[in-house]
Amino acid sequence: EVVAGERVRLELEITDPHKGTPHLRWMLEGPGRGYVERGKDGELYLYTTAPGPMELKLEVTGSMGTTTRASVGLKVLED
């Protein structure tokens, strides 16, 4: 659970076996709203903007084109 208006740091551990830079594609589904952005500190954050259930999905494509996906469900509460 998180509160609408809250900034949540996202922790990822991604290794590209070919030493390239993987491409990250963030998707959010559900009535809860928000966006993912890199902060001034270089870390990734989820900024929540509206309450409701949300599924945060990440699709990672490696430098050689291999793709994998992960997701997590969140409940975004009223502030």
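Remember, predicted model here, so these are calculated numbers, not experimental data.
By the criterion of side-chain heavy atoms lying less than 4.5 angstrom apart, applied directly or through intervening Ile, Leu, Val, Met, Phe, Trp or Tyr residues, Leu77 is not grouped with Met54; the two fall into different hydrophobic clusters. Using a 4.5 Å cut-off between side-chain heavy atoms of Ile, Leu, Val, Met, Phe, Trp and Tyr, with links allowed through other members, Val3 and Leu46 fall into different hydrophobic clusters. Note on Leu10 and Val60: same hydrophobic cluster, where clusters join Ile, Leu, Val, Met, Phe, Trp and Tyr whose side-chain heavy atoms are under 4.5 Å apart, directly or indirectly. Cluster annotation: Ile14 is connected to Trp26 through the hydrophobic network of ILVMFWY side chains, with a link wherever side-chain heavy atoms come within less than 4.5 Å.
You'll find the side chain of Lys75 stays beyond 4.5 Å of the side chain of Pro53, heavy atoms only. The side-chain heavy atoms of Thr21 and Asp16, taken from C-beta on, include no pair separated by under 4.5 Å. Taking the side chain as every heavy atom from C-beta outward, Glu59 and Thr67 approach each other to under 4.5 Å.
By the side chain to side chain contact (heavy atoms under 4.5 Å, CB included) test, Arg7 is found to be paired with Tyr45, Tyr47, residues two or more places apart in sequence or in another chain being considered. With sequence neighbours left out, the salt bridge (Lys or Arg N to Asp or Glu O under 4.0 Å) criterion links Glu78 to no other residue. With sequence neighbours excluded, no residue satisfies side-chain hydrogen bond (donor to acceptor under 3.5 Å, both in side chains) with Thr66.
Donor-acceptor pairing under 3.5 Å is recorded for the side chains of Glu55 and Ser71.
In this structure, Glu29 pairs ionically with Lys57, as a charged nitrogen and a carboxylate oxygen lie closer than 4.0 Å.
Here CZ of Arg69 is found 8.0 Å from OG1 of Thr61. Values are rounded to the nearest 0.5 Å.
Closest heavy-atom contact between Thr49 and Ala4: C-CB, 4.5 Å. Nearest heavy atoms, Leu28 versus Tyr35: CD1-CA, 4.1 Å. Closest approach of His18 to Ser63, counting heavy atoms only: CB-OG, 3.6 Å.
Residue Leu58 forms a side-chain contact (heavy atoms from CB on, under 4.5 Å) with just one option from Thr68, Leu24, Val36, and that option is Leu24.
Thr48 places a side-chain N or O within 3.5 Å of a backbone atom of Gly5 that can act as its donor or acceptor partner.
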